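Residue indices begin at 1 and follow the sequence shown. Everything quoted here is computed from the prediction, not taken from an experiment.
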Amino acid sequence: MSATAARARDANPSVLVLSGLSTSPGFPATPEMLFDAWGSVADVVDGHYISLAKGRYPEVMAAFLRSVLGSGGITHL
């Protein structure tokens, strides 16, 4: 991902690179999986978008967001 982000930024310095987090990326995600995925690219991306695929597992997304908030990981909205 970092190489792809670097190429995109080289081509267009004002490009925003986002990661996608989903509660159902082909299987049920857990809050821990989302938190780990979020953290693994935090230093590469400019932000994240979240998906409740077909409205599935809102409780998983809520738990993930509580984890991010509790970690002090939110820098701006």
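At distances below 3.5 Å, at least one donor-acceptor pair connects side-chain atoms of T23 with backbone N or O atoms of R56.
Taken from CE in M33 to OG1 in T30, the straight-line distance is 5.0 Å, to the nearest 0.5 Å.
Heavy atoms of other residues, nucleotides or ligands lying less than 6.0 angstrom from OH of Y49 number 12 at most.
In this structure the side chain of D46 reaches within 4.5 angstrom of the side chain of R9, judged on heavy atoms. Taking 4.5 Å as the limit, every side-chain heavy atom of F64 sits out of range of all side-chain heavy atoms of E59. Contact annotation: the side chain of V41 approaches that of H48 to within less than 4.5 Å [non-hydrogen atoms, C-beta and beyond]. Counting heavy atoms from C-beta on, the side chains of L65 and I50 come closer than 4.5 Å.
Heavy-atom minimum distance, P58 versus L52: CA-CD2, 3.7 Å. Scanning both residues, V44 and A5, for their nearest heavy atoms gives CG1-CB, 3.8 Å. Of all heavy-atom pairs spanning A63 and P31, the tightest one is CB-CG, 3.5 Å. Across every non-hydrogen atom of L34 and S22, the tightest pair is CD2-O, 3.3 Å.
The hydrophobic cluster containing M61 also contains L69, counting ILVMFWY residues as joined when their side-chain heavy atoms lie under 4.5 angstrom apart, directly or transitively. There is a path of hydrophobic side-chain contacts, each under 4.5 Å, that joins V68 to V60.
With sequence neighbours left out, the ring pair (Phe, Tyr, Trp, His ring centres under 6.0 Å) criterion links F35 to W38.
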